[in-house]
Amino acid sequence: MKVVDLTLTLEPGMRGVEFESKFTLAKDGWNASTLHLYSHCGTHMDAPLHFEAAPQTIDQIPIEDCLGPAWVVDLTHLKPKTPIEVHHLQTVADQHRPGDALLFRTGWSRHVHDADYYRDNFQPISPELATWMVEHKVRLIGVEPPSVADVNDLPAVTLVHKILLGGNVIIVEGLTNLDTITGPKCLFGAMPLKVAGGDGAPCRAFAILDAPIDQ
């Protein structure tokens, strides 16, 4: 089995990321830093509390729900700002089983160092697709952009998050390296920091290829 890291590297200069030196080997005998992290920076997971879709916080999301089979939906042909609709799922819509996750491969992570373009021009999940995912019991969705919906359109971003989070669909945003998953399916995991009462948290996301997930 091959493990693929799908996590953005947190770096100073990214939105919501600041590092400062706390101790140094030369002065204190060890190196240590203080990290200032926005709860939705880099690769991260949203909790229902994020939009008050439900009272569940990030530390209350069962860890077993953060690991399982996932279908990779190839959307690299979509132009910027094109809404992702149900018909874009193609054959995955028929193959998906309740409890499976969906990963949307758009190649958008290549824009991560152009912060404004990365935030403002991605392909958002449509409300209709969000509703379909709830109705078909999708366990988790993963996207490459920093959000599942247009962050500059508060009604739209609120609606899509409330549909998904209120429908027990876990949201992981800010994925990268989805192009390294060559098959249609993998074992996907995203493990968030266990922050008490958290509305979200950075997470380490990964895919295990060739895992026996259909048994």
Side-chain angles (χ1 to χ4, degrees), residues 2-19 33 35-51 56-76 84 100-125 130 133 138-151 157 160-161 164-165 169-181 186-195 198-209:
K2 180 181 179 180
V3 180
V4 176
D5 190 356
L6 304 178
T7 316
L8 291 171
T9 301
L10 295 180
E11 301 172 314
M14 292 177 67
R15 290 185 188 278
V17 179
E18 295 180 20
F19 299 167
S33 302
L35 310 181
H36 301 272
L37 301 176
Y38 174 53
S39 55
H40 299 267
C41 69
T43 305
H44 64 275
M45 181 180 292
D46 291 353
L49 182 67
H50 184 33
F51 280 86
Q56 187 183 48
T57 56
I58 198 71
D59 53 307
Q60 295 171 337
I61 295 177
I63 198 166
E64 60 267 25
D65 289 347
C66 300
L67 178 69
W71 293 93
V72 181
V73 181
D74 184 24
L75 301 172
T76 51
I84 304 173
D100 287 349
L102 295 178
L103 306 178
F104 294 92
R105 179 170 58 211
T106 57
W108 201 253
S109 60
R110 69 184 182 274
H111 300 298
V112 68
H113 294 295
D114 186 347
D116 290 341
Y117 190 82
Y118 176 68
R119 179 196 60 196
D120 296 337
N121 294 279
F122 62 85
Q123 304 90 340
I125 300 293
M133 288 189 283
V138 173
R139 175 182 52 83
L140 177 153
I141 69 164
V143 299
E144 293 186 55
S147 178
V148 290
D150 186 354
V151 295
V157 77
V160 172
H161 276 88
L164 292 171
L165 296 172
V169 180
I170 295 172
I171 299 174
V172 178
E173 299 161 327
L175 293 174
T176 190
N177 293 333
L178 288 179
D179 58 309
T180 61
I181 304 175
C186 66
L187 184 64
F188 174 77
M191 303 301 164
L193 296 177
K194 194 174 183 181
V195 179
D199 52 79
C203 64
R204 191 67 180 262
F206 58 91
I208 301 176
L209 310 185

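Every heavy atom of this structure was used, including side-chain atoms; hydrogens, water molecules and symmetry mates were not.
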Kindly indicate whether the side chain of [X], heavy atoms from C-beta on, has any atom under 4.5 Å from the side chain of [Y].
{"X": "Cys66", "Y": "Met45", "value": "yes"}
{"X": "Asp199", "Y": "His40", "value": "yes"}
{"X": "Met133", "Y": "Ile141", "value": "yes"}
{"X": "His50", "Y": "Ile58", "value": "no"}
{"X": "Leu6", "Y": "Phe188", "value": "yes"}
{"X": "Val112", "Y": "Arg15", "value": "no"}

Item checked: CA sep, side-chain torsions, deciding dist, call: Val157, Ser147, side chain to side chain contact (heavy atoms under 4.5 Å, CB included) -> CA-CA 8 Å; Val157 77; Ser147 178; 3.8 Å; yes
Working to the nearest 0.5 angstrom, can you tell me the gap between [X] [atom1] and [Y] [atom2]?
{"X": "Asp5", "Y": "Arg204", "atom1": "CG", "atom2": "CZ", "result": "4.0 Å"}
{"X": "Asn121", "Y": "Trp108", "atom1": "CG", "atom2": "CH2", "result": "5.0 Å"}
{"X": "Leu178", "Y": "Leu103", "atom1": "CG", "atom2": "CG", "result": "6.0 Å"}
{"X": "Ser109", "Y": "Asn177", "atom1": "OG", "atom2": "CG", "result": "6.5 Å"}
{"X": "Tyr38", "Y": "Leu10", "atom1": "OH", "atom2": "CG", "result": "14.0 Å"}
{"X": "Ile208", "Y": "Lys2", "atom1": "CD1", "atom2": "NZ", "result": "13.0 Å"}

Heavy-atom closest pair, residues [X] and [Y]:
{"X": "Thr7", "Y": "Cys203", "value": "CG2-O, 3.4 Å"}
{"X": "Val4", "Y": "Leu209", "value": "CG2-CD1, 3.8 Å"}
{"X": "Phe122", "Y": "Ala149", "value": "CZ-O, 3.2 Å"}
{"X": "Pro124", "Y": "Asp150", "value": "CB-N, 4.1 Å"}
{"X": "Ala201", "Y": "Leu193", "value": "CB-O, 3.6 Å"}
{"X": "Ala190", "Y": "Val172", "value": "CB-CG2, 3.8 Å"}

Ignoring hydrogens and geometry, is there a side-chain-to-backbone donor-acceptor pair from [X] to [Y] under 3.5 Å?
{"X": "Arg139", "Y": "Asp65", "result": "yes"}
{"X": "Gln56", "Y": "Ala47", "result": "no"}
{"X": "Glu144", "Y": "Thr106", "result": "yes"}
{"X": "Thr43", "Y": "Gly174", "result": "yes"}
{"X": "Thr57", "Y": "Gly198", "result": "no"}

Check: Under the side chain to side chain contact (heavy atoms under 4.5 Å, CB included) test, which residues partner Lys194, sequence neighbours left out?
Finding: Asp59
Item checked: Set of side chain to side chain contact (heavy atoms under 4.5 Å, CB included) partners for Asp74, sequence neighbours left out -> Thr76, Arg105
Next item on the list: Report the relative orientation of the aromatic rings in His161 and Phe51; use parallel for angles under 30°, tilted for 30 to 60°, perpendicular for over 60°.
Entry: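 Plane angle under 30°, so parallel.
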Next item on the list: Can you label the angle between the His111 ring and the Tyr117 ring as parallel, tilted or perpendicular, going by 30° and 60°?
Entry: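 Ring orientation, 0 to 90° scale: perpendicular.
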